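To keep things clear, I will list the structure first and then write my remarks on it.
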Protein chains: 2
Amino acid sequence: MDETIAIRALAALAQEHRLALFRHLVRAGRTGVTAGELASSAGIGATSLSFHVKELERAGLVTQQREGRFIRYRLDVQGMRGLLAFLSEDCCDGQPELCGDLVPLGSGCGPTRRISSNDQ
Amino acid sequence: MDETIAIRALAALAQEHRLALFRHLVRAGRTGVTAGELASSAGIGATSLSFHVKELERAGLVTQQREGRFIRYRLDVQGMRGLLAFLSEDCCDGQPELCGDLVPLGSGCGPTRRISSNDQ
DNA sequence: TCAATGCTACAATAATTATTGAATTATTCA
DNA sequence: TGAATAATTCAATAATTATTGTAGCATTGA
């Protein structure tokens, strides 16, 4: 992940409403959520939702798909993965033994194993 | 981790200079880095460094210790762990099978195993 | 085609954040 | 104590970000 994109993603998440929207979308998973539902879940107006969700899109954290007169938003799983990887990839500068259990392996999802070494 | 602190930490990292300072401190580990070294590593002045490093402290990502006329900064490992945990804890809403390899287990440090099952 | 619905774009304003230089505080050493 | 060094505080300015209302576009269904 590029530093510029990482900063954009961090900035996107560093805002009350956007963080709430993001977490809502994370929970919704593949199903996704329409713009209107997102707006009412966050207690914000349509204009404000549009502004914030666009920031999340621009940061590569969310995708959009039109469904008739609705627009459905979904978590961009690759984008989320990229950010998490970026935040943890430099820890210990390649010397895991220096920091111990820095990354909370047990708090996320996915199998309990290492991924191939070419993950960035 | 409290949402307010998470936002503060995300905002702290969502800035070019602070992200560079943070990563420098991550690499430096327990040794830490003095303010002056940090400033020149980031190519910024003393005033600017003071401003940015204070933001990182306020976000619980960095600690400070005076050493004579120097001040040494170190990564706050607990703070970093807390943020990483917060960002991944809600993924899949407790249903790991829904999202697959969302969390980049292989990119961080620490042992390849789950932490106790009562992590949420 | 017209009205209604869902959402986005634009513009104005308010609020927050970053940068810079000058002054200030803390420490060391002669 | 006084000079030098390391870092912070303060104030002014510039830049970025958030909010709100209004207008506009896309889609549906009568």
Side-chain angles (χ1 to χ4, degrees), chain A residues 3-25 28 31-76, chain B residues 3-25 28 31-76:
Chain A
E3 191 197 84
T4 304
I5 294 290
I7 288 175
R8 202 174 286 165
L10 289 163
L13 294 173
Q15 207 274 348
E16 182 190 350
H17 295 321
R18 288 195 296 261
L19 187 55
L21 294 171
F22 177 78
R23 297 178 85 184
H24 190 128
L25 288 170
T31 308
V33 185
T34 62
E37 288 170 337
L38 276 178
S40 53
S41 81
I44 60 180
T47 301
S48 187
L49 177 93
S50 187
F51 171 79
H52 287 305
V53 88
K54 193 167 58 178
E55 290 296 304
L56 290 169
E57 262 196 293
R58 214 172 64 93
L61 294 170
V62 157
T63 62
Q64 173 186 48
Q65 185 180 27
R66 180 170 277 275
E67 285 182 6
R69 67 174 77 170
F70 299 88
I71 290 182
R72 184 168 296 272
Y73 289 94
R74 290 189 182 81
L75 175 68
D76 184 328
Chain B
E3 191 197 83
T4 304
I5 294 290
I7 288 175
R8 202 175 284 167
L10 290 164
L13 294 173
Q15 208 274 348
E16 182 190 351
H17 296 321
R18 288 195 297 261
L19 187 55
L21 295 172
F22 177 79
R23 298 179 84 185
H24 190 128
L25 289 170
T31 308
V33 185
T34 62
E37 289 170 336
L38 276 179
S40 52
S41 81
I44 60 179
T47 301
S48 186
L49 177 93
S50 187
F51 172 78
H52 287 305
V53 89
K54 194 166 58 178
E55 289 296 305
L56 289 169
E57 263 196 291
R58 212 172 65 93
L61 293 170
V62 157
T63 63
Q64 171 186 49
Q65 185 181 26
R66 181 171 275 276
E67 284 182 6
R69 68 174 76 169
F70 298 87
I71 290 182
R72 185 168 296 271
Y73 288 95
R74 289 189 182 82
L75 176 69
D76 185 328

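Predicted model, so just to flag it, every value in this text is computed and none were measured. Every chain is numbered from 1, with letters handed out A, B, ... down the list of sequences.
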Which nucleotide, C/dA26, D/dT19, C/dA9, lies nearest any side-chain atom of A/Lys54? C/dA9

Step by step, would you call B/Arg72 with B/Gln64 a side chain to side chain donor-acceptor pair (under 3.5 Å)? CA-CA 6 Å; B/Arg72 185 168 296 271; B/Gln64 171 186 49; over 6 Å; no

Strictly below 4.0 Å: does A/Tyr73 bring a side-chain N or O up to OP1 or OP2 of C/dT8? yes

When we call it a touch if two heavy atoms are under 4.0 Å apart, what does A/Arg72 touch: a base, just sugar-phosphate, or nothing? nothing

Closest listed nucleotide, where the reference is the side chain of A/His52 and the choices are D/dT8, D/dA7, D/dT19: D/dT19

Closest nucleotide among D/dT19, C/dT20, C/dA26 to the B/Arg66 side chain: C/dA26

C/dT28, D/dT8, C/dA9: which one has an atom nearest the side-chain heavy atoms of A/Thr47? C/dA9

Please round to the nearest 0.5 Å and tell me the distance separating atom CG of B/Leu21 and atom CG of B/Leu61. 11.5 Å

Check: A/Arg18 side chain, A/His52 main-chain N or O, donor-acceptor pair, under 3.5 Å: no

Regarding the side chain of A/Arg18, the nearest nucleotide among D/dA4, D/dA18, D/dT27 is D/dA18

Rounded to the Å, how far apart are A/Gln64 CD and D/dA26 C1'? 13 Å

A/Gln15 or A/Glu67: which one's nearest nucleotide on DNA chain D is closer to the 5' end? A/Gln15

